[in-house]
Amino acid sequence: MSVSAQLQRLIAAAAPYWAGEAEVFRTYWIWEKRTRDTDRRWLAYQCSKEIWGSGLAPLDKGIFLGPAEELIAAFPKIDSEIDRHAVLEIAEGLRAEFAHYCAFADAYDALSLPGEAKLTPQMVKLNWPEDRALSELRFAHKREHPRLGTRATSFTEGGYCTLFSEGMKLAEHTSGPHGRANALIAEACAQVYEDEFGHMLKGIVGLDAEGLSAEEWQTLERLSLEQLKARIIMRNAQFSAPLTPALLEEVLAGRCQPLVFDYEKAKLAA
Ligand SMILES: [Fe+2]
Ligand SMILES: [Fe+2]
């Protein structure tokens, strides 16, 4: 599939911010303040995202209960009101996100000491302020621009999967003080990476078919970049702030070396 010049522009505009998010993880992995506690903290927060959804779904339902209820409501309407493939897609989304929750929750539990409580969805229901800010920004965008806000939210979902791609690289660093944690994190990230790359593509595919005007492309870019910046702030807080305020400012100004979008893996022709 070939992509329009406008979509390529949107991808190019996002690339320095995707790189910025990756910078948080790379800095954290080798950070002198990284401990078992900071590892468990970010893993629990990640579980919160995988089950409650950070603005991808209504806050009280999240991305487990939301689709589960949709499935129950859809059942009597299959192929009378709702196409069976649309229902299958809801089921697949539920399965995928819960599998991600399990992957990170397993890593969290594997890093526990005897007597420490097992992770539960309720335990991670209260996420952290910077993640709530991202959710609120996404809800506000969807309220102000129902179509473009939703598009921007899908486009920014997962932040080009850099947590998972950077986490997978830890498989090469399984000796030393963080060796065991690195192995667990790499394993969890490997389980999630391909799914989330697909979810990101879903946010991209179809954008060209929307028939957006030049002005709408501009709005979509503005909303997307606002969300991507909020993602970087959310990630830095999730990982106990490994980026110094000065470095964070640079990253938020879009001064990272842009990440190279893999058009081949995405099966998109630029
Ligand atoms: Fe996920
Ligand atoms: Fe996802």
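Start at 1 with the first residue, then count along the sequence. Just follow the structure's listing: the first ligand is 1, and inside any ligand the first atom is 1. All figures in this text were calculated on a predicted structure; none of them were measured in a lab.
For H100, the N, O or S atom closest to the Fe ion (ligand 1) goes by the atom name ND1. Closest N/O/S atom of E157 to the Fe ion (ligand 2): OE2. Residue E50 approaches the Fe ion (ligand 1) most closely through its N/O/S atom OE1. Of all N/O/S atoms in E97, OE2 sits nearest the Fe ion (ligand 2).
The Fe ion (ligand 1) has no N, O or S atom of H199 under 2.8 Å away, backbone or side chain. Here E196 meets the criterion, with an N, O or S atom under 2.8 Å of the Fe ion (ligand 1).
When side chains are defined from C-beta on, L228 does not count as touching Y160, because their heavy atoms never get closer than 4.5 Å.
Contact detail for R235 and L163: the closest heavy-atom pair is NH1-CD2, 3.8 Å.
Salt-bridge annotation for K202 and E157: absent, with no side-chain N of the basic residue lying under 4.0 Å from a carboxylate O of the acidic one.
Between the side chain of Y28 and the backbone N or O of D39, at least one donor-acceptor pair lies under 3.5 Å. Checked by atom type and distance alone, the side chain of R255 never pairs as donor or acceptor with a backbone atom of E250 at under 3.5 Å.
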